[in-house]
2 protein chains.
Amino acid sequence: MQNSFTEENYLKIIHALSGREGVEVSTNALAESTATRAASVTDMLRKLAEKGLIHYKKYQGVRLTGAGEKVAISVIRKHRLWEVFLVEKLGFGWDEVHEIAEELEHIPSDELVERLDAFLGHPRFDPHGDPIPDAKGNLTDPDYLILTDVNVGEKVLMMGVLDHAPSFLQHLDRSGITLGSVLEITEINEYDKSASVRINGTNTLFISLEVSKNLLVQRR
Amino acid sequence: MQNSFTEENYLKIIHALSGREGVEVSTNALAESTATRAASVTDMLRKLAEKGLIHYKKYQGVRLTGAGEKVAISVIRKHRLWEVFLVEKLGFGWDEVHEIAEELEHIPSDELVERLDAFLGHPRFDPHGDPIPDAKGNLTDPDYLILTDVNVGEKVLMMGVLDHAPSFLQHLDRSGITLGSVLEITEINEYDKSASVRINGTNTLFISLEVSKNLLVQRR
DNA sequence: AAAAAAATTTAGACTAACCTAAAAATATAT
DNA sequence: ATATATTTTTAGGTTAGTCTAAATTTTTTT
Ligand SMILES: [Mn+2]
Ligand SMILES: [Mn+2]
Ligand SMILES: [Mn+2]
Ligand SMILES: [Mn+2]
């Protein structure tokens, strides 16, 4: 039997919330992420468990089964490939693509995904720096640092974002911070942990802790 | 309020069945085309009428309203643009794209459609020779001939197909007939109306009436 | 113009995905 | 260790889209 849009969205969200350690996800967390009520989540969990896509014991939270993870990763692969298409080929901004990809990710043709992947040149990362699972379902999270873990004087490469909200991405655009930018922390203010950052060795700007907490970077 | 996948499919099918004269479409015809039962169609017609998308009087058949036609044409535009994308950019065969486009046509972003259209170079026709409505919703059916209306000795250009079934399209592939081929009827058999056709001035082959009836052509 | 056939609508039910309100289980605080 | 608070599940309903069977309307045939 095929999985519905709704089922796929649940699986994707369970995957995201359970993190790389595959920790149990709570009913309330799912209700929050799916913008539904806990009672609705419980209904869906019973269904997903019956289909063998999640491990579920009442009151104990859920984890994906192998089968469930396969579906989740396939949806993530499609989501991220479509985002690359929208940005690289259609010229959308990285702040505009999430919602559209949220729909495109449910189009169900393996052939389509593989051809799209080839057309895009087998990209490894999406426009937000998130890794794209390969055709076999392997998804390896690169272990980036968060900018808050970087010391004054260090130079790092901007590799991704934790917050995908358009408003945050637009803020980065206005600040001139993009994927691949070289960031050097020139100062950290003890009081509020705001920082001064030199971008690509040229202009320097202040960024708040809120921004630092959402920037994924890599030492060079 | 937004239209559902199902509503969009109904509107598209009503548009197709009512032809350019905008003739009334029967409940049974819709049941056939939507692969549902007449009772289900009646339910949906009441809903579409309430939304102002169709003219509907019980037992009288339906026609699209202006608003309904606008939606139908927008769906058709998306369907045909995505088909162009799948064939031109991803290398699918013209016999493989219909089903996928049937899903993609419901992705709801005007921005996406217009960018896709530009990316494809504002194509006028889809891979089956069907005209693509413009961004304003103008759809002009070119008045092609059916090959059965062509006389012996005439040379015509192959411009489109009436039957979109993969099996028919694959049959044309095997015969070497593609959009743009020059067809010259060299003989028509009185008995079964089968014909001999010279393709691009080179090889000649027999085609059945069934095939002739589904080929759209143009005098040069 | 009746009778018969065909098309269409109505009636009553089902499933998926949601909801609110109430009950039950688990976790936290005293 | 109780009592309280929080989380989760159950109970009972709703809407969209479908179904079958029965009733009604329209069309066709005699
Ligand atoms: Mn989605
Ligand atoms: Mn992304
Ligand atoms: Mn469709
Ligand atoms: Mn087509």
Side-chain angles (χ1 to χ4, degrees), chain A residues 1-15 17-18 23-64 67-68 71-72 75 102-103 105-108, chain B residues 1-14 17-19 23-64 67-68 71-72 75 102-103 105-108:
Chain A
M1 206 185 304
Q2 264 278 111
N3 304 305
S4 68
F5 272 42
T6 309
E7 289 167 339
E8 289 188 350
N9 282 335
Y10 269 86
L11 294 171
K12 197 179 59 151
I13 289 169
I14 293 167
H15 179 93
L17 294 179
S18 73
V23 72
E24 320 270 309
V25 178
S26 76
T27 299
N28 265 358
L30 284 169
E32 165 88 37
S33 287
T34 55
T36 63
R37 297 319 185 96
S40 309
V41 172
T42 300
D43 282 350
M44 180 57 78
L45 294 184
R46 194 162 345 86
K47 181 153 56 128
L48 292 173
E50 229 148 68
K51 288 178 101 174
L53 297 168
I54 59 173
H55 296 290
Y56 172 55
K57 265 177 258 131
K58 287 204 289 194
Y59 296 99
Q60 309 294 292
V62 289
R63 279 180 307 110
L64 294 176
V71 175
V75 175
E102 203 57 47
E103 308 284 322
E105 71 188 1
H106 304 291
I107 304 286
Chain B
M1 208 184 302
Q2 265 276 111
N3 304 303
S4 69
F5 272 43
T6 309
E7 289 168 337
E8 288 188 350
N9 282 334
Y10 269 85
L11 293 171
K12 197 179 58 152
I13 290 169
I14 293 167
L17 294 179
S18 73
V23 73
E24 320 270 310
V25 179
S26 76
T27 299
N28 267 356
L30 283 169
E32 166 87 38
S33 287
T34 55
T36 62
R37 300 318 186 97
S40 309
V41 172
T42 300
D43 282 350
M44 180 57 78
L45 295 184
R46 195 164 343 87
K47 181 152 58 127
L48 291 173
E50 230 148 67
K51 287 178 102 174
L53 297 168
I54 59 173
H55 296 289
Y56 172 55
K57 264 177 259 133
K58 287 204 289 193
Y59 296 98
Q60 308 295 290
V62 289
R63 280 179 307 110
L64 294 176
V71 175
V75 175
E102 203 56 48
E103 308 284 323
E105 72 189 359
H106 304 291
I107 303 286

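Residue numbers start from 1 in every chain, and the chains themselves are labelled A, B, ... in the order their sequence lines are given, proteins ahead of strands.
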Output, in order, the C-alpha distance, side-chain angles, deciding distance and verdict of salt bridge (charged side-chain N to carboxylate O under 4.0 Å, His left out) for K12(A) and E102(A). CA-CA 11 Å; K12(A) 197 179 59 151; E102(A) 203 57 47; 2.7 Å; yes

Would you please confirm or rule out a distance under 4.0 Å between OP1 or OP2 of [N] and any side-chain N or O of [X]?
X: R46(B); N: dT9(C); value: no
X: Y56(A); N: dT9(D); value: yes
X: N28(B); N: dT8(C); value: yes
X: T42(B); N: dT9(C); value: yes

How do R37(A) and G61(B) order along DNA chain C: which one's closest nucleotide is nearer the 5' end? G61(B)

Mind checking [X] for me? I need base, sugar-phosphate or nothing, with any heavy atom below 4.0 Å counting as a touch.
X: T36(A); result: sugar-phosphate
X: T6(A); result: sugar-phosphate
X: T27(B); result: sugar-phosphate
X: F5(B); result: nothing

Determine yes or no for a side-chain-to-main-chain donor-acceptor pair under 3.5 angstrom, with E7(B) supplying the side chain and S4(B) the backbone.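 At least one qualifying donor-acceptor pair exists.
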
Nearest 0.5 Å, what's the OG1-NE2 distance between T6(A) and H106(A)?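 The NE2 atom of H106(A) is 8.0 Å from OG1 of T6(A), to the nearest 0.5 Å.
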
Under 3.5 Å, N/O pairs linking protein and nucleotides 22-29 of chain C:
from: dA25(C); atom 1: O4'; to: Y59(A); atom 2: OH; distance (Å): 3.3

Side chain of M44(B): nearest nucleotide among dT9(D), dC19(C), dT18(D)?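 Given the options dT9(D), dC19(C), dT18(D), the side chain of M44(B) is closest to dT18(D).
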
What nucleotide among dT8(D), dT8(C), dC19(D) has an atom nearest to a side-chain atom of A39(B)? dC19(D)

Atom-to-atom span, [atom1] of [X] to [atom2] of [N] - whole angstrom:
X: Y10(A); N: dA16(C); atom1: OH; atom2: C1'; answer: 11 Å
X: Q2(A); N: dA16(C); atom1: CD; atom2: P; answer: 15 Å
X: L30(A); N: dC18(C); atom1: CG; atom2: P; answer: 12 Å
X: L45(B); N: dT8(C); atom1: CG; atom2: C1'; answer: 10 Å
X: D43(A); N: dA21(C); atom1: CG; atom2: C1'; answer: 14 Å

Which atom pair, heavy atoms only, marks the closest approach of [X] to [Y]?
X: R46(B); Y: Y56(B); answer: N-CE2, 4.2 Å
X: T27(A); Y: A38(A); answer: CG2-O, 3.6 Å
X: G52(B); Y: A67(B); answer: O-CB, 4.0 Å

Result for side chain to side chain contact (heavy atoms under 4.5 Å, CB included) between L53(A) and one of V71(A), I14(A), V62(A) points to V71(A)

